Amino acid sequence: MQHGTVVKVALPVGEDYQPFKLYSELGEKEHSALMALLRPSAVEKVDASETISVIDKQAELCWAIGPIGDELTKGQLQNRFDAAGIDVEFKALRNKTGEDYWVYLGPYSSKKEALRKLRQLQANQVDSFHISTGDLKNGISLGVFKNRARADQLQRKYISLGYGVKLKVVERFGSVFWAVGAQNAALTIDKVYENLHSDFSYLENRKLVCKTLANAESFH
């Protein structure tokens, strides 16, 4: 620094220094404090290539082709992937297969109360059953239907008779396979998918972050 240069020094609160001083007016203690402030902080160096590698690994994309509902189709697809020289593994996932519609009463505060209501219903020729487990424990089942219209019809019927009937949608799930692999063979896998789709039109080709795919339990 040149003689006469004005330097703004950020000093700790509580010390009796003026906020501005000429460099030439600094004492030895103040000069040392200033040099410490102006010296670049010691920052831990991070290898840029390692940082990029970590980011790439976290964002690495994979492909998933499915759903595959049976072992026969799975074997056929395995042969097609082998012929194309593509490494593949098959991941079993939960897949929604449909919905059931449960018409019910309750649940009631106790099994005793539920059974009392059940006896009343059966005495009136109402086809009904006690629910002994699950979310609707101590409720009364009036029927489970795959067809929503039939469930709605039954619910309306009993509501018109003065019963507080409710309807619950119960999702059904089954296990299906998805063929999965790394995205580094993107051009090849997209071509293979086109050929597969011509024979298996229901198959989907999805691109997902590999970490997300590895932790997935189901696809929607």
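The analysis underlying the following values was restricted to heavy atoms, covering all of them including side chains, and did not include hydrogens, waters or symmetry mates. The structure presented is a predicted model; accordingly, all values stated were derived computationally and were not measured.
Residues V103 and A151 approach most closely at CG2-O, 3.7 Å, considering heavy atoms. Taking all atoms of both residues into account, the shortest heavy-atom contact from Y101 to K146 is CE1-O, 3.4 Å. Across every non-hydrogen atom of A179 and V88, the tightest pair is CB-CG2, 3.6 Å. For A182 against W63, the heavy-atom pair with the smallest separation is O-NE1, 3.0 Å. The heavy-atom pair separating S110 from E113 by the smallest distance is OG-N, 3.2 Å. Of all non-hydrogen atoms in L203 and Y193, the two that sit nearest each other are O-OH, 2.8 Å.
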**Study point:** Worked verdict on N138 versus H130 for side-chain hydrogen bond (donor to acceptor under 3.5 Å, both in side chains)
**Key:** CA-CA 6 Å; N138 290 326; H130 174 240; 3.0 Å; yes

**Study point:** Worked verdict on L167 versus F145 for side-chain contact (heavy atoms from CB on, under 4.5 Å)
**Key:** CA-CA 10 Å; L167 188 148; F145 302 88; over 6 Å; no

Practice item. Mind running side-chain contact (heavy atoms from CB on, under 4.5 Å) on D127 and L142 for me, showing each step along the way? Key: CA-CA 6 Å; D127 193 13; L142 301 179; over 6 Å; no

Check your understanding: Hey, mind stepping through K157 and D152 against salt bridge (Lys or Arg N to Asp or Glu O under 4.0 Å) and telling me if it holds?
Key -> CA-CA 9 Å; K157 172 185 174 181; D152 288 339; over 6 Å; no

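Within a 6.0 Å radius of NZ in K137, other residues, nucleotides and ligands contribute 12 heavy atoms or fewer. For R172, the CZ atom sits in a packed shell: over 12 heavy atoms of surrounding residues, nucleotides or ligands are nearer than 6.0 Å. Counting heavy-atom neighbours within 6.0 Å of D87 CG, excluding the residue itself, gives a total of 12 or less.
Here the side chain of R206 pairs no donor or acceptor atom with the backbone of A64 at under 3.5 angstrom. At least one donor-acceptor pair closer than 3.5 Å links the side chain of K166 to the backbone N or O of G106. Without hydrogens or angle criteria, T73 side chain to D70 main chain gives no donor-acceptor distance under 3.5 Å.
There is a path of hydrophobic side-chain contacts, each under 4.5 Å, that joins V176 to L208. Residue V169 is grouped with residue V165 when hydrophobic side chains (ILVMFWY) are merged at heavy-atom distances under 4.5 angstrom, including chains of intermediate members. Placement of L154 and L105 within a single hydrophobic cluster is found when ILVMFWY residues are connected by side-chain heavy-atom separations under 4.5 Å, directly or transitively.
One finds the CG atom of N205 at 7.0 Å from the CD1 atom of I189 (value rounded to the nearest 0.5 Å). Rounding to the nearest 0.5 Å places SG of C62 at 13.0 Å from NZ of K211. Note that the CG atom of D199 and the CD atom of Q76 stand 9.0 Å from one another [nearest 0.5 Å]. Rounded to the nearest 0.5 angstrom, S175 OG and L93 CG are separated by 8.5 Å. F90 CZ to L77 CG: the interatomic distance, rounded to the nearest 0.5 Å, is 5.5 Å.
Looking at Y202 and I68, their side chains never come closer than 4.5 Å, going by heavy atoms from C-beta outward. In this structure, F177 and P67 have side chains that are not in contact, with every pair of non-hydrogen atoms separated by 4.5 Å or more. Residues V209 and E60 have side chains not in contact (no heavy-atom distance under 4.5 Å, counting atoms from C-beta outward). Two residues are said to be in side-chain contact when any heavy atoms from C-beta on lie closer than 4.5 Å; T97 and F173 fail this criterion.
A salt bridge is absent between R148 and D100; no separation between the charged side-chain nitrogens and carboxylate oxygens falls under 4.0 Å.
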Side-chain atoms of residues 115-122: list all donor-acceptor pairs with protein atoms under 3.5 Å, sequence neighbours left out, distances to 0.1 Å.
unit_1, atom_1, unit_2, atom_2, d
Q122, NE2, S128, O, 3.3

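Evaluation of the side-chain hydrogen bond (donor to acceptor under 3.5 Å, both in side chains) rule for E171 yields K96 as partners, not counting sequence neighbours.
Clustering of Ile, Leu, Val, Met, Phe, Trp and Tyr side chains at separations under 4.5 Å places W102 together with Y104, I131, L136, V144, V170.
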